[in-house]
Amino acid sequence: MALAKKTPADFLAMKQRGERIPSLTAYDYPTARLLDEAGVPFLLVGDSLGMVVLGYPDTTHVTMPEMEHHVRAVARAEPRALLAADLPYHSYESAGDAVANARRLVAAGAQAVKAEGGAAILDQVRAIVGVGIPFIGHLGMLPQSVIEEGGYHIKGRSEIERETLLADARALEATGAFAIVLELVTPPVAAEISRALSIPTIGIGSGPDCDGQILVTPDLVGGFPWFTPRFVKPRRRTGEDIRAAVTESMQTVNPAAH
Ligand code: KIV
């Protein structure tokens with residue numbers, strides 16, 4: 001019997017049962033199939049694809065057509081996992097833009113969308129949820145703000161940051177988000193937010209006490225060997241496997257050259 005497709009309600013139920021939510025990014029058909037066959041319940045076509053797939057320096061270069069292209073590829077795997085997609089940089093400046101672009105991602109195959117920010121984007125969140133599209137928040141270090149912030153900084157170290165994060169998380173929940181990604185939030189503050197909310201938090205570099213954990217899949221499997229975030233311990237070295245396979249193959253084709 002085919003297993004049922006995951007829904008936002010499943011994640012709320014997992015939190016209520018105290019069950020953790022393993023989550024990963026996917027940007028293409030084969031990776032989505034592999035992750036889904038392994039039973040990962042939540043897949044995100046993150047705009048991290050800008051760096052780990054498209055070779056941009058940061059996520060601010062990712063466009064809507066690029067997101068749609070990758071969402072379509074992942075959706076062709078027909079994952080049982082809930083498939084979410086990032087609204088890219090400057091695609092949700094107004095409530096109208098947010099809804100139009102969220103609809104495009106849904107038309108490409110996403111079941112939910114994610115956008116970065118708290119109080120500043122509540123009108124956009126309300127509009128997205130209002131047309132029936134499930135929404136995931138993203139607080140803490142916001143990669144789309146890397147230029148304004150002058151780098152990627154841990155959040156939650158000062159009392160004002162702790163209070164702002166907590167208030168933003170509560171506001172997103174009250175506006176209808178069904179989960180919130182917490183990126184590079186200090187572990188005690190991430191734990192406090194996770195306790196304060198009834199919707200699940202999905203942490204990345206935010207300590208062990210979030211309701212779920214998400215990683216950029218190439219970081220997990222060593223698929224982008226030129227950079228690994230400090231908080232990730234790659235479980236495989238697929239980049240090195242590719243180098244070794246290619247070198248062996250070249251030796252077979254042309255032994256004289258080696
Ligand atoms: O873009 C992305 O992959 C993300 C995750 C790091 C949560 O937003």
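All heavy atoms count here, side chains included; hydrogens, waters and symmetry mates do not. Read the numbers this way: they start at 1 and go in the same order the structure lists the ligands and their atoms.
- Of all atoms in ligand 1, listed by their number and element, those nearer than 4.0 Å to a heavy atom of Lys114 are 4 (C), 8 (O).
- Between Arg170 and Glu173 there is no salt bridge, since no side-chain N of the basic residue sits under 4.0 Å from a carboxylate O of the acidic one.
- With a 4.0 Å heavy-atom cut-off, ligand 1 is reached by the side chain of Leu44 but not by its N, CA, C or O.
- Of the N or O atoms in Tyr27, none lie within a sub-3.5 Å distance of an N or O in ligand 1.
- We find that Glu37 and Arg33 are joined by a salt bridge, their nearest charged nitrogen and carboxylate oxygen being less than 4.0 Å apart.
- For ligand 1, the atoms sitting less than 4.0 Å from at least one non-hydrogen atom of His138 are 8 (O), numbered in the order shown with element in parentheses.
- The nearest heavy-atom contact from the protein to atom 2 (C) of ligand 1 is Ser48 OG, 3.3 Å.
- Of all atoms in ligand 1, listed by their number and element, those nearer than 4.0 Å to a heavy atom of Thr25 are 3 (O).
- Other residues, nucleotides and ligands place more than 12 heavy atoms under 6.0 Å from the CD atom of Glu240.
- Atoms of ligand 1 found under 4.0 Å from any heavy atom of Gly46 (numbered from 1 in listed order, with element): 1 (O), 2 (C), 3 (O).
- Across every non-hydrogen atom of Ser194 and Cys210, the tightest pair is OG-CA, 3.6 Å.
- Only the side chain of Ile204 comes within 4.0 Å of ligand 1, counting heavy atoms alone; its backbone N, CA, C and O stay farther away.
- Note: the hydrophobic cluster containing Val146 also contains Val181 (ILVMFWY, side chain heavy atoms under 4.5 Å, direct or indirect links).
- In plain terms, the two heavy atoms of Tyr89 and Gln144 that are nearest each other are CE1-O, 3.2 Å.
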Worked verdict on Thr7 versus Asp10 for side chain to side chain contact (heavy atoms under 4.5 Å, CB included): CA-CA 5 Å; Thr7 66; Asp10 291 319; 3.3 Å; yes
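- Close approach of ligand 1 to Asp86 (heavy-atom distance below 4.0 Å) involves ligand atoms 1 (O), 2 (C), 8 (O).
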